[in-house]
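For reference, the structure is listed below as structure tokens.
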2 protein chains.
Amino acid sequence: MKVTIKDIAKFAGVSTATVSKVINHKDENISQPTREKILNIMKEYNYIPNTAARSLVTKKTKTIGLVIPDIRNPFFHELARGAEDKANEEGYNIIFCNTDDRIEKEEKYVSMLIEKMVDGIIFTAASKRMNEFEHLRNNRVPIILVDRDIDLKDIKGKITVDNCLGAYEGVKHLLSCGYKNIIFLSGPLSTHPSIERLKGYKRALEEFHIPYKEENIFEGTYQSGWGYETVKMLLKKHIDFDALFCGNDLIAIEAVKALKEAGIKVPKEVGIVGFDDIYMATLVDPELTTIRQPSYEIGYSAVEMLINILEKKVKTKEKVVLNTELIIRKSTMHR
Amino acid sequence: MKVTIKDIAKFAGVSTATVSKVINHKDENISQPTREKILNIMKEYNYIPNTAARSLVTKKTKTIGLVIPDIRNPFFHELARGAEDKANEEGYNIIFCNTDDRIEKEEKYVSMLIEKMVDGIIFTAASKRMNEFEHLRNNRVPIILVDRDIDLKDIKGKITVDNCLGAYEGVKHLLSCGYKNIIFLSGPLSTHPSIERLKGYKRALEEFHIPYKEENIFEGTYQSGWGYETVKMLLKKHIDFDALFCGNDLIAIEAVKALKEAGIKVPKEVGIVGFDDIYMATLVDPELTTIRQPSYEIGYSAVEMLINILEKKVKTKEKVVLNTELIIRKSTMHR
DNA sequence: GTGAAAGCGCTAACAT
DNA sequence: ATGTTAGCGCTTTCAC
């Protein structure tokens, strides 16, 4: 039999109210002997309070929903770990959900999370269509947007990165190195960060007075395999380029592989810049020049922001933009 | 104001019992008009049932705890994704927890999960010391062990892989290729899979009549950096070897890097076998020969097994051992 | 310093 | 075919 607060109260010879007070550390007015007796009995009977019952009255669950495209994506598992670490520090748990950027899954998950009465949601939204989100209507669950900056009502905060600036710096670096014909192997352009990165790409070209060519943009996916196949195709079609600006490090790593297989030297013949700075960027040959994103910090800060809102400790800014950083390694060189 | 079942009942002019029945599809005895009226009103008012209240009476939460060392480890995020996919299929959610293989964190998390009344826990336990797990005493939450096969009472199931056999095949492959002096760059030997892999390593040596040497075993961690540093050290100390059997692919990839930097050719001078077959194994140069583990399936099957137990649909085996597979690529060669 | 009691939103016998 | 009612285990106000 599960032991409840009633049992503890009975064994301790006090009321459940008193036990409840010591459980929740609202025990300023409880005498030391009583407190101790209760604590001992709780330990003795291995008492574990029932959160569902508590939540029913407090309207708080101490759990947070994390809705991301795919935990297997290095960017997102770093983010997830950052979020979980902060949540754990504050006594919260995290329910994670993989949407694969599909709206139906997003809707289903958000609505499940609201049913479960999560205290808040950290959300990477697939696209702008989110505005039609029915479930958010009568709902008071605060949502923090991460990674993608989308206009969605009822959003309580946003944590992003300046993707445009990051991309701009990456492409500018390529240009300064002397690469001239830069292909952008982009992630899905339905997605906010990719759009911003494209802007940054254009801005850098402009600054260097290099005409922008639509045919240098290839829209792909963050699924494994796309980068490799695309570069193979480029080569086969004899499309001309001397540099690749990649939507993420995975694409970049795959690009390097395809190039190497074709006997093309990186960075001598083709320069490559990735995005994210995942751990692997450092382990491939040549080590990847990339735009670092503070993925762990994004998750960590998002939970921090959420908890600040929930516990009203501090007034928080509703929008935080973290910095990207150009990390120059061996896949680019001055020439 | 949040709308409750009472409100719906009132607006529909029926009792809460009736509403409850249609919510839970126990509505065989509800007339079609009533059912429809209720459904419409629920939609109209955007009614979302409160799971805490429901859980309090049903003792079920439709949520599962997932306790793993670190979501950033490729093996575990594949596993996590498999678990989440299956959970989602069945209408469950997953709370994930990172223990970093630390017992205190394991205990804290398990106890949080029990408080939250999760229906079950998928657990990668750090070590045998788990036997002293206090919190499991008065507890009826079913636990499925994954990855590590530990004797822990109250375990309802186990999903593992034959690490001994996997390692045996890997080392045997090395031996058959003609490599003779194989160093084992092991993960933490406090951990079940590492111990088993060591056994497999020994068994293969034995079969080839090669004496086992303790000094060929290096115990490390799965933290990034260890493999690289260790190989650097091996080289510096002029320790002799012509093959490396690695505790996981990360170690193997780092080893390749260290070797390359020293101008040592893989697989010509040194053969390398990894473990796990993470996606990156295929992207490094040379592509990694490795022992594949079905990490996604482990997670998926674990949730499947758990739900079978919870919903008593099928009698399940209490222990499942999935297969490893030797994947021969380019980091080993016959010579 | 401690307790009585109401109620959180829902489900599930049991009635009707 | 539908309603009545008694909890589930806890917190919280108010009274003592």
Side-chain angles (χ1 to χ4, degrees), chain A residues 1-39 41-42 45-63 114-119 138-141, chain B residues 1-39 41-42 45-62 112 114-119 138-141:
Chain A
M1 239 336 268
K2 203 92 192 127
V3 14
T4 74
I5 199 174
K6 259 191 196 155
D7 301 319
I8 301 298
K10 197 167 61 197
F11 295 139
V14 297
S15 75
T16 61
T18 308
V19 177
S20 174
K21 279 167 196 152
V22 348
I23 290 172
N24 297 293
H25 306 104
K26 300 190 173 168
D27 51 357
E28 315 85 41
N29 301 329
I30 306 291
S31 71
Q32 187 55 22
T34 310
R35 185 199 338 274
E36 269 175 11
K37 183 161 36 158
I38 291 171
L39 256 12
I41 290 183
M42 291 198 324
Y45 285 87
N46 216 284
Y47 169 66
I48 296 184
N50 178 321
T51 316
R54 175 182 293 154
S55 297
L56 193 53
V57 9
T58 61
K59 309 286 176 229
K60 307 214 162 312
T61 52
K62 290 268 185 178
T63 115
I114 293 176
E115 280 193 35
K116 297 231 164 134
M117 302 210 324
V118 295
D119 294 339
N138 280 335
N139 154 54
R140 298 283 90 232
V141 178
Chain B
M1 237 339 266
K2 202 87 193 131
V3 16
T4 74
I5 197 174
K6 260 193 195 150
D7 302 320
I8 302 297
K10 197 167 61 199
F11 296 139
V14 297
S15 76
T16 62
T18 307
V19 177
S20 174
K21 278 170 196 150
V22 348
I23 291 172
N24 297 292
H25 306 103
K26 300 189 174 167
D27 50 358
E28 316 84 42
N29 302 328
I30 307 290
S31 71
Q32 187 55 23
T34 312
R35 188 202 333 276
E36 269 175 10
K37 183 164 36 162
I38 291 172
L39 255 13
I41 291 182
M42 291 197 327
Y45 286 88
N46 216 283
Y47 170 66
I48 297 184
N50 178 322
T51 316
R54 175 183 293 153
S55 297
L56 194 52
V57 10
T58 61
K59 308 292 178 222
K60 306 217 164 308
T61 52
K62 291 267 186 179
M112 286 178 95
I114 293 176
E115 280 192 38
K116 297 230 164 134
M117 302 209 322
V118 295
D119 294 338
N138 280 336
N139 155 55
R140 295 285 91 227
V141 178

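Because only heavy atoms are used, hydrogens play no part in the values below, and waters and symmetry mates are left out as well, while side chains stay in. In what follows, chains carry the letters A, B, and so on, assigned in the order in which the sequence lines appear, proteins first and then strands, with residues in each chain numbered from 1.
Close to dT11(D), at under 4.0 Å from its OP1 or OP2, lies no side-chain N or O of Thr58(A). Dashed line: the shortest gap from a side-chain N or O of Lys26(B) to OP1 or OP2 of dA12(C) is under 4.0 Å. The phosphate of dG9(D) (OP1 or OP2) has no side-chain N or O of Thr4(A) nearer than 4.0 angstrom. One finds a side-chain N or O of Ser20(B) lying less than 4.0 angstrom from the OP1 or OP2 phosphate oxygen of dT11(C). Of the side-chain N and O atoms in Tyr47(A), one or more sit less than 4.0 angstrom from OP1 or OP2 of dC10(D). For Thr18(A), a side-chain nitrogen or oxygen approaches OP1 or OP2 of dG3(C) to under 4.0 Å. In this structure, Asn24(B) reaches the dT11(C) phosphate: one of its side-chain N or O atoms is under 4.0 Å from OP1 or OP2. Between Asn50(A) and dC8(D), a side-chain N or O to OP1/OP2 separation shorter than 4.0 Å is absent.
Rounding to whole angstrom units, CE of residue Met117(B) and C1' of dC10(D) are separated by 12 Å. We find that CG of Leu56(A) is positioned 9 Å from P of dC10(C), with the value rounded to whole Å.
Residue Thr34(A) is in sugar-phosphate contact alone, with no base atom involved, counting any heavy-atom pair closer than 4.0 Å across all strands shown.
Not a single donor-acceptor pair, N or O on each side, falls under 3.5 Å between the base of dG1(C) and the side chain of Lys21(A). Residue Lys59(A) places no side-chain atom within donor-acceptor reach of the base of dG9(C), judged by atom type and a 3.5 Å distance cut-off alone.
Contact check on Asp27(A) versus Arg35(A) returns a salt bridge, with a Lys/Arg side-chain nitrogen under 4.0 Å from an Asp/Glu carboxylate oxygen.
Each of Pro49(A) and Thr16(B) lies near DNA chain D, and the nucleotide nearest Thr16(B) is the one positioned closer to the 5' end.
Distances from the side chain of Ile30(B) to the nucleotides dG1(C), dT2(D), dG9(C) place dT2(D) closest.
Remark: Ile23(B) CD1 to Thr16(B) OG1 distance equals 9.5 Å, nearest 0.5 Å.
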